[in-house]
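Heavy atoms only: backbone and side chains are in, while hydrogens, waters and symmetry mates are out. Keep in mind that what you see is a predicted model, and the values were worked out from it rather than measured.
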Amino acid sequence: MKRAGILNAELAGAMARLGHTDQVLVCDSGMPVPPGVRVVDLAFLPGIPAFADVLDGLLAELVVEGGTAAEEVRAGNPGCAELLSARLPGLAYVPHEELKRLSAGVRLAVRTGEATPYANVILRCGVAFQVRL
């Protein structure tokens, strides 16, 4: 049994299969996920697990090159906007409807128990390169 990191077997397995430039949608419980996208639904109760906790857990396990969030998050959910800008420098913003459209291209959607508006972000994965001399 794992002692640290992500313990959810379905999520850990899905993350292990991600490749360079694959995208992951981390979303609240109300974000529609397009058909054909693999979903790991972590929602247990409203607010559990929190968007911030899930995002922090994923960022600890993945190499992330960038992210995209809804521009409406700034006015509609300032706490989430602060969290995203602190965790993802250089975050891109698009209209919420565009974010929903872009979510059709993600490889994995991780649904949290968050029930606040616009607590959604698309993460673009990278690769941890090791330089050998």
Side-chain angles (χ1 to χ4, degrees):
M1 173 152 191
K2 285 183 75 170
R3 295 177 68 143
I6 293 177
L7 298 178
N8 181 291
E10 185 179 0
L11 181 54
M15 288 174 41
R17 288 185 282 283
L18 292 172
H20 187 53
T21 73
D22 279 342
Q23 296 182 16
V24 177
L25 171 66
V26 184
C27 60
D28 60 30
S29 57
M31 179 75 165
V33 178
V37 173
R38 181 174 183 177
V39 178
V40 176
D41 195 339
L42 302 177
F44 181 67
L45 290 170
I48 301 174
F51 177 81
D53 294 334
V54 173
L55 180 63
D56 285 346
L58 290 171
L59 292 175
E61 299 273 333
L62 295 173
V63 176
V64 175
E65 293 181 334
T68 305
E71 59 191 23
E72 291 87 344
V73 72
R74 294 180 205 170
N77 191 342
C80 186
E82 283 182 38
L83 171 83
L84 289 171
S85 63
R87 303 292 195 282
L88 300 164
L91 182 68
Y93 293 96
V94 298
H96 190 347
E97 289 302 316
E98 177 69 3
L99 187 74
K100 289 195 282 189
R101 189 189 70 70
L102 291 173
S103 69
V106 304
R107 178 130 185 235
L108 171 64
V110 182
R111 183 171 283 139
T112 72
E114 193 70 38
T116 60
Y118 308 113
N120 310 295
V121 66
I122 296 175
L123 305 174
R124 187 177 64 257
C125 296
V127 173
F129 291 104
Q130 293 181 348
V131 178
R132 295 181 190 242
L133 302 174

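Rounded to the nearest 0.5 angstrom, Lys100 NZ and Ile122 CD1 are separated by 12.5 Å. Atom CZ of Arg124 sits about 13.0 Å away from atom CG of Leu62, to the nearest 0.5 Å. With rounding to the nearest 0.5 angstrom, the CG atom of Leu18 is 11.5 Å from the CD atom of Glu61. Rounding to the nearest 0.5 Å gives a distance of 8.0 Å between CG of Leu59 and CZ of Arg87. Rounded to the nearest 0.5 angstrom, Leu58 CG and Asp53 CG are separated by 11.0 Å.
Transitive grouping of hydrophobic side chains (ILVMFWY, heavy atoms separated by less than 4.5 Å) keeps Leu99 and Val64 in distinct clusters. A continuous path of Ile, Leu, Val, Met, Phe, Trp and Tyr side chains, each step under 4.5 Å between heavy atoms, connects Leu88 with Tyr93, placing both in one hydrophobic cluster.
Among the candidates Asp41, Leu123, Val24, the single residue satisfying the side chain to side chain contact (heavy atoms under 4.5 Å, CB included) test with Val110 is Val24.
Between Met31 and Glu114 there is no side-chain heavy-atom pair separated by less than 4.5 Å. Here the side chains of Val37 and Leu25 are not in contact, with every heavy-atom distance at 4.5 Å or above. Using a 4.5 Å heavy-atom threshold, the side chains of Val106 and Val33 count as separate. The side-chain heavy atoms of Phe51 and Leu83, taken from C-beta on, include a pair separated by under 4.5 Å. Residues Glu98 and Glu71 have side chains not in contact (no heavy-atom distance under 4.5 Å, counting atoms from C-beta outward). Side-chain contact between Val73 and Val121 is absent, with no heavy atoms from C-beta onward closer than 4.5 Å.
Contact between Leu84 and Ala69 at its shortest, heavy atoms only, is CD1-CB, 3.9 Å. Between Val39 and Glu10 the shortest heavy-atom distance is O-OE2, 3.6 Å. Here the shortest heavy-atom pairing between Cys80 and Tyr118 reads SG-O, 4.1 Å. The two residues Ala115 and Ser29 make their nearest non-hydrogen contact at CA-OG, 4.2 Å.
The backbone N or O of Cys27 sits less than 3.5 Å from a side-chain atom of Thr112, completing a donor-acceptor pair. Between the side chain of Glu72 and the main chain of His96, a donor-acceptor pair closer than 3.5 Å is present.
The salt bridge (charged side-chain N to carboxylate O under 4.0 Å, His left out) pairs that include a residue from residues 14-28 are Asp22-Arg107, where partners are two or more places apart or lie in different chains.
With sequence neighbours excluded, no residue forms a side chain to side chain donor-acceptor pair (under 3.5 Å) with Ser103.
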